[in-house]
Amino acid sequence: MISIIVPCYNEEATIKIFLKEISKTEMLISEKYHESFEYIFIDDGSTDNTLDILKGCGVKYISFSRNFGKEAGLYAGLRAAKGDYVAVMDVDLQDPPELLVDMYESLLSGEYDCAATRRSTRKGEPKIRSFFAKCFYKLINKISDTEIVDGARDYRLMTRRMVDAILSVKEYNRFSKGLFSWVGFKTKWFEYENIERSAGYTKWSFKKLFLYSIDGMMSFSVVPLALASIVGMIMCFASIMMVLIIIAKTLIWGDPVAGYPSMICVILFLSGMQMLFIGILGQYLAKTYLETKSRPVYVVRDSNIDKPY
Ligand code: UDP
Ligand code: MG
């Protein structure tokens with residue numbers, strides 16, 4: 001069986017279109033390989049008619065008590081999925097369903113445990129967004145041991161082995177793009193050009209994306225924490241040099257003490273640095289704090305699955 005997990009947040013406009021498209025792919029695969037399909041929709045605290053539409057479509061659904069974010073939705077779906085293969089897909093058709101056939105076939109030989117997708121272009125996306133996305137991938141790959149592939153989408157098909165591995169990671173701050181890569185397994189990549197939404201509007205504001213990128217970097221790197229020590233060492237060295245220079249200057253030329261403005265600049269710069277690093281420290285502390293509380297990642301309000309968690 002193939003489980004298809006679809007997170008939805010205010011997607012009343014797109015669900016029906018999605019089901020119509022995916023049913024074609026389902027026909028192709030089930031006729032050729034006799035696979036059955038299971039659809040698990042996660043209603044991530046939608047405020048529109050998403051839940052009513054899901055109830056009318058005869059699919060499995062899990063409805064959250066509020067908006068917990070796409071990561072929580074994916075996690076809930078992966079936990080509920082019973083299939084031997086599990087696919088994760090957006091509902092807006094930006095993840096082309098027809099590609100699933102190729103993805104499925106690539107896993108059949110048993111060589112790969114994951115068929116993943118990436119966008120080869122970002123056309124149709126605001127320029128500034130693409131720019132920041134590029135910067136993000138550059139930075140995170142510099143500071144993290146886990147490779148985060150540029151342009152990788154969450155759209156992927158995984159074997160049961162891999163899904164179980166992902167579920168065994170119990171952390172609260174879940175950054176799937178990193179987790180998928182962290183658990184390892186051989187991945188076959190499929191590329192396609194960016195496709196625009198079938199209907200509705202994007203749920204990711206720039207602010208949401210920015211915070212998400214910070215989350216990602218903090219989840220998969222501790223380099224920012226080490227930065228303080230490095231900068232501190234450089235500054236210690238610089239200050240020793242300064243002391244030597246000043247002593248030498250005073251001995252040779254007998255310079256009087258001067259430079260109130262420059263001193264203020266230095267003080268401001270240093271206290272700014274200190275605040276910055278205390279801030280970084282605080283962010284990690286906050287993450288650790290949330291992690292130790294071990295709150296559930298999501299809360300279910302309604303579902304037609306026996307045991308949604
Ligand atoms: N989504 C979600 N919870 C959220 C935000 C988004 O479940 O808080 C879902 C959304 O319904 C869609 C997928 O995540 O199926 C991707 O979102 P969207 O298409 O808005 O993002 P974009 O493709 O613009 O990055
Ligand atoms: Mg989308």
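In this chain, numbering begins with 1 at the start of the sequence shown. Counting starts at 1 for both ligands and their atoms, following the listed order.
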So what does the Asp92 OD2 - the Mg ion (ligand 2) - Gln94 OE1 angle come to, to 10°?
100°

Give me the one residue out of Arg156, Lys203, Arg153 that meets salt bridge (charged side-chain N to carboxylate O under 4.0 Å, His left out) with Asp90.
Arg153

Check if Cys8 has a non-hydrogen atom at a distance under 4.0 Å from any atom of ligand 1.
yes

Using the ring-ring contact (aromatic ring centres under 6.0 Å, His included) rule, take Tyr155 and Phe190 through it: C-alpha gap first, then chi angles, then the decisive distance, then the call.
CA-CA 10 Å; Tyr155 181 25; Phe190 291 82; 9.1 Å; no

Nearest protein heavy-atom contact for atom 3 (N) of ligand 1: which residue, which atom, what distance?
Asp44 OD2, 2.6 Å

In this structure, atom 24 (O) of ligand 1 is nearest to the protein heavy atom Thr202 OG1, 2.6 Å

Proximity winner for atom 14 (O) of ligand 1, if only heavy atoms of Lys203, Lys70, Met89 are counted:
Lys70

Residue and atom name of the nearest protein heavy atom (relative to atom 11 (O) of ligand 1), distance in Å to one decimal
Glu11 OE2, 2.6 Å

Are Arg174 and Tyr172 in a cation-pi contact, defined as NZ or CZ under 6.0 Å from the six-membered ring centre and within 45° of the axis?
no

List ligand 1 atoms under 4.0 Å from Gly69, heavy atoms only on the residue side.
3 (N), 8 (O)

Can you tell me how the ring of Phe206 sits relative to the ring of Phe132, calling it parallel under 30°, perpendicular over 60° and tilted otherwise?
perpendicular

Which heavy atom of the protein is the closest neighbour of atom 9 (C) of ligand 1, given with residue, atom name and distance?
Pro7 O, 3.7 Å

Verdict with reasoning, Phe41 to Tyr61, per ring-ring contact (aromatic ring centres under 6.0 Å, His included)
CA-CA 5 Å; Phe41 282 75; Tyr61 65 84; 9.5 Å; no

Face-on cation placement of Lys208 at Trp204 ring, 6.0 Å and 45° thresholds:
yes

With a cut-off of 2.8 Å, does Thr202 place any N/O/S atom under that distance from the Mg ion (ligand 2)?
no

In a check of side-chain contact (heavy atoms from CB on, under 4.5 Å) between Ile166 and each of Leu78, Val86, Leu74, which one passes?
Leu78

Within less than 2.8 Å of the Mg ion (ligand 2), any N, O or S from Asp90?
no

Quick one: does ligand 1 sit under 4.0 Å from the side chain of Asp92, the backbone, both or neither, non-hydrogen atoms only?
side chain

Between Ile42 and ligand 1, which residue portion shows a heavy-atom distance shorter than 4.0 Å: side chain, backbone, both, or neither?
neither

Among protein heavy atoms, which sits nearest to atom 18 (P) of ligand 1, and what does the distance come to when rounded to 0.1 Å?
Arg197 NH2, 3.4 Å

